[in-house]
Enquirer: 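First the structure, which I've put down as structure tokens, then a few questions once you've had a look.
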Amino acid sequence: MPDTTQFRTTTRHMLKESKTYASQTLMGGLSGFESPIGLDRRDRLEALKTGDIGFVHSWDINTSVDGPGTRMTVFMSGCPLRCQYCQNPDTWKMRDGQPVYLDAMIKKVERYADLFKATHGGITFSGGESMMQPAFVSRVFRAAKEMGVHTCLDTSGFLNKSYTDEMIDDIDLCLLDVKSGDEETYHKVTGGLLQPTIDFGQRLAKAGKKIWVRFVLVPGLTSSEENVDNVAKICASFGDALEHVDVLPFHQLGRPKWHELRIPYPLEDQKGPSAALKQRVVSQFESYGLTVY
């Protein structure tokens with residue numbers, strides 16, 4: 001079936017092509033990426049809509065939990081949710097990220113393409129919430145697929161409606177955060193709504209994409225038997241698309257960032273789950289025929 005997806009591009013004046021701009025790079029976690037330094041606010045917003053730039057917090061090469069094999073994980077800036085246990089509150093505001101050229105990101109993927117193929121790895125977009133910048137992420141994924149590189153989207157699915165079916169076509173795997181199994185608890189945990197997560201998971205399943213669900217276990221917040229059962233039912237609704245569920249014990253590694261940013265931290269004295277509690281939750285998921293890690 002021919003590809004009919006069209007991406008509107010910015011005009012030449014928006015993305016400066018002089019040697020001065022082309023040589024500008026970001027330091028620290030974004031070292032090596034060309035940045036469209038010098039664009040005014042209007043031009044940046046337009047380039048964001050078209051995906052010619054993306055606002056990026058940081059990136060790294062890892063072999064951890066961001067998908068199979070060795071992966072380039074890109075943490076995008078901006079998130080509409082305010083999860084009580086967020087590890088990266090410094091990614092909430094898009095303006096706190098750095099604008100990066102689309103071409104620079106694609107070249108970075110190309111640089112590591114052979115490594116990704118050799119290790120059955122690829123590129124993962126995380127955040128923040130990567131679905132806040134659908135045009136940029138989707139255009140990078142399209143280029144990655146043309147290189148034969150595996151693509152993975154790490155998301156809450158909250159911005160389900162931002163993704164077209166054509167964009168979903170270029171996703172190989174989704175790390176879908178199902179943060180709660182009922183609307184009341186979900187809103188308490190995130191400030192948002194649960195239904196878009198369910199809708200996105202079902203769209204992925206219908207499109208034949210693979211899903212790894214991630215569920216953060218917070219004693220007294222997400223741990224009730226009823227809530228866990230509801231999460232398990234949601235997971236089961238994804239059918240064969242769901243490969244496994246990761247039960248992630250709550251920890252306090254993100255607390256220093258909340259303090260540094262002077263944001264009141266709602267889980268200041270929260271403890272992680274006991275081994276017995278985690279086993280109970282794992283058993284609940286397994287009772288629905290789900291593979292659990």
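Note that the structure is predicted; figures quoted are calculated from it, not measured.
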Enquirer: Under 3.5 Å, side chain of Gln133 to main-chain N/O of Phe55, donor-acceptor pair present?
Expert: yes

Enquirer: Between Arg214 and Asp177, does any NZ, NE, NH1 or NH2 come within less than 4.0 Å of an OD or OE carboxylate oxygen?
Expert: yes

Enquirer: For Thr291 and Glu243: C-alpha separation, side-chain torsions, deciding distance, then whether side chain to side chain contact (heavy atoms under 4.5 Å, CB included) applies.
Expert: CA-CA 7 Å; Thr291 299; Glu243 293 195 330; over 6 Å; no

Enquirer: Does atom CG of Asp114 have more than 12 heavy-atom neighbours, drawn from other residues, nucleotides or ligands, at distances under 6.0 Å?
Expert: no

Enquirer: Restricting to non-hydrogen atoms, name the atom on Thr155 and the atom on Gly157 that form the minimum distance, rounded to 0.1 Å.
Expert: OG1-N, 2.8 Å

Enquirer: Any salt bridge linking Lys257 with Asp90? Criterion: basic side-chain nitrogen under 4.0 Å from a carboxylate oxygen.
Expert: yes

Enquirer: Does a donor on one side chain sit under 3.5 Å from an acceptor on the other, for Asn62 and Thr70?
Expert: no

Enquirer: Between Arg142 and Asp170, does at least one N-O distance fall below 4.0 Å, as a salt bridge requires?
Expert: yes

Enquirer: What do you reckon, are the aromatic ring centroids of Phe75 and Phe125 less than 6.0 Å apart?
Expert: no

Enquirer: Would the distance check show the side chain of Glu183 and the main-chain N or O of Gln195 forming a donor-acceptor pair, the cut-off being under 3.5 Å?
Expert: yes

Enquirer: Can you establish whether the number of heavy atoms outside Glu226 located under 6.0 Å from its atom CD is more than 12?
Expert: no

Enquirer: Test your reading of the model: is there a side-chain donor-acceptor pair from Arg95 to the backbone of Gly78, 3.5 Å cut-off?
Expert: no

Enquirer: For a quick test of reading the model, state the closest non-hydrogen atom pair linking Ile168 to Ala207 and the distance between them.
Expert: CG2-CB, 3.9 Å

Enquirer: Do other residues, nucleotides or ligands put more than 12 heavy atoms under 6.0 Å from His187 NE2?
Expert: no

Enquirer: Measure across Phe215 and Thr222 and return the closest heavy-atom pair with its distance rounded to 0.1 Å.
Expert: CZ-O, 3.3 Å

Enquirer: Salt bridge or not between Lys209 and Asp169? Use side-chain N to carboxylate O under 4.0 Å.
Expert: no

Enquirer: Closest heavy-atom contact between Thr190 and Cys83?
Expert: CG2-SG, 3.7 Å

